Amino acid sequence: MFDPWLIPPLETFRNSIESGRVPSSVILAGAPDLGGAFLALEFAKLYLCADRKPKESCGTCKSCHLFDDLESGSHPDFISLLSSTQDESDRQEDLTHSFSKLLNDMGTPLNDEFIESENTSKGTKSVRIDGIRSLNEWIAQGSVLGKGKVAVISNAHLMGEGAANALLKTFEEPTANTLIILLTKSLELLPATILSRAFKIQIPRVSEETGLDYLKSRLENEFSVDRAKIALALSFNSPRGAIKYYREELDIRAVELIQALTEDVSSSASTKTVSLLMELSNEHRHLILQEFILELLKCKARIDKDSLPLLKGISLDKLVKIPASHLLDAYNEMKYIKADSPMLNSRAPVSLISAWINSLRKI
């Protein structure tokens, strides 16, 4: 079943086709685990359909049937340029006709048991300039099935200046019957020269109601509304990301951590909080502490505590006395907690976290 929050952007693309204004390039923006890669595949299916109806693919032609198997399927006129780390030696693997490889690279594998992002993978990922050049060469070639071609750039926000410049010429002189789709987590992370030459579609924010319905349908008997709300908050209301955190029980660990942090801020200790934080990945530490600070700021702004899932059930008598300026400073300083540099010695994270907790005590 197609995710409900993806239907409005799909309708936007369908309407452009119906009106005869089919773009040569599209930028799809939204958190990776919202499922932008699934949307890109649906765009491609519609664009490459041999018997396209005004607003939908026919579903019966050879091209449409090739999109039926997302797990092991591929299409000769569809290609993806994946992001990769510097230590991945086989650069030919950056280009693939495989649907599942695109979904995995964008953090939305079909079984959604593990969602990988550029932050959790080994090494820093990027979209390389030689990959863009190879993609440009593929675009210049003819169509196998004769209807057209679709090229997707995964994690386009990871393009450097050189890669973006290499793509720019193709944007300025688009090849006939070719659609280029850029998947990015944010429009602001792409160069203005690219943004100005593409049709932009933003995947909308998912409402809490829609997110809870999604989690309830997927988790069935495991579903808890309080846990689901915390998982959604940690995933910025991305239901697929929330499923991952729920199954990892990150929401439970988050509540335990915030309870310990509350106790430690109210005393002179920080041992328990530091211990719990050190059990988490840098990304998860940052997610939980970021949500904690944001919810505490909302609480100070008189927002109902019951609407703040991470702080619900926590005694806030001491925490609400922390000045907003201190909370904002703590929010900015979290970048050091998230940092993962080989230049830091093994004790550095502990020292940084202890210093961060101490900064909250300065009331």
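The first residue of the sequence shown is numbered 1, and numbering continues consecutively from there. As the structure is a computational prediction, the values presented were derived from the model and not from experiment.
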From CA spacing to verdict: side chain to side chain donor-acceptor pair (under 3.5 Å), E188, S186: CA-CA 5 Å; E188 289 75 17; S186 172; 2.6 Å; yes

R14 and E56: CA distance, side-chain angles, deciding distance, salt bridge (charged side-chain N to carboxylate O under 4.0 Å, His left out) verdict: CA-CA 7 Å; R14 284 173 172 168; E56 60 184 15; 5.4 Å; no

Audit row: R253, E249, salt bridge (charged side-chain N to carboxylate O under 4.0 Å, His left out) steps and yes/no: CA-CA 7 Å; R253 300 178 77 178; E249 298 188 345; over 6 Å; no

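A salt bridge does not link D33 to K244: none of the charged side-chain nitrogens sits closer than 4.0 Å to a carboxylate oxygen.
At distances below 3.5 Å, at least one donor-acceptor pair connects side-chain atoms of Y47 with backbone N or O atoms of T178. In this structure, the side chain of R197 engages the main chain of T193 through a donor-acceptor pair within 3.5 Å. A donor-acceptor contact shorter than 3.5 Å is absent between the side chain of W5 and the backbone of I203. Under the 3.5 Å distance criterion, the side-chain polar atoms of S275 are left unmatched by any main-chain donor or acceptor of T271.
The aromatic rings of F67 and F99 sit parallel to each other, their planes meeting at less than 30°, with 60° as the upper class boundary.
Heavy atoms only, all atoms of each residue included: A228 and L212 are closest at CB-CD2, 3.6 Å. Between G162 and I129 the shortest heavy-atom distance is O-CD1, 3.5 Å. The minimum heavy-atom distance between P204 and P9, with the atom names listed, is CD-CD, 3.9 Å. Across K312 and D226, no two heavy atoms sit closer than the pair NZ-OD1, 3.9 Å. Residue I194 comes nearest to L168 through the heavy atom pair CD1-CD1, 4.1 Å, listed as atom of the first residue, atom of the second, then distance. The minimum heavy-atom distance between C299 and L316, with the atom names listed, is SG-CD1, 3.6 Å.
Between the side chains of H65 and D68, at least one donor N or O sits under 3.5 Å from an acceptor N or O. Residues N136 and R133 have side chains that never bring a donor and an acceptor to within less than 3.5 angstrom of each other. The closest side-chain donor-acceptor pair between D69 and S72 falls under 3.5 angstrom.
Listed by first and then second residue, the side-chain hydrogen bond (donor to acceptor under 3.5 Å, both in side chains) pairs involving residues 16-30 are S19-R21 (not counting sequence neighbours).
Checked against the 6.0 Å centroid criterion, the rings of F13 and F199 do not qualify as a close aromatic pair.
Under the 4.5 Å side-chain heavy-atom criterion for grouping Ile, Leu, Val, Met, Phe, Trp and Tyr, L48 is connected to L70 within one hydrophobic cluster. Hydrophobic clustering places L297 together with L287 (ILVMFWY residues linked when any side-chain heavy atoms are closer than 4.5 Å, directly or through intermediates). Both L187 and F171 belong to a single network of hydrophobic side chains, linked directly or stepwise wherever heavy atoms of I, L, V, M, F, W or Y lie under 4.5 Å apart.
Applying side-chain hydrogen bond (donor to acceptor under 3.5 Å, both in side chains) to N155 and the options S83, S84, S126 leaves one that passes, S83. For the side chain to side chain contact (heavy atoms under 4.5 Å, CB included) with L311, the qualifying choice from T262, I258, V320 is I258, the only one to do so.
Between atom CD1 of residue I79 and atom OG of residue S74 there is a gap of 10.5 Å, rounded to the nearest 0.5 Å.
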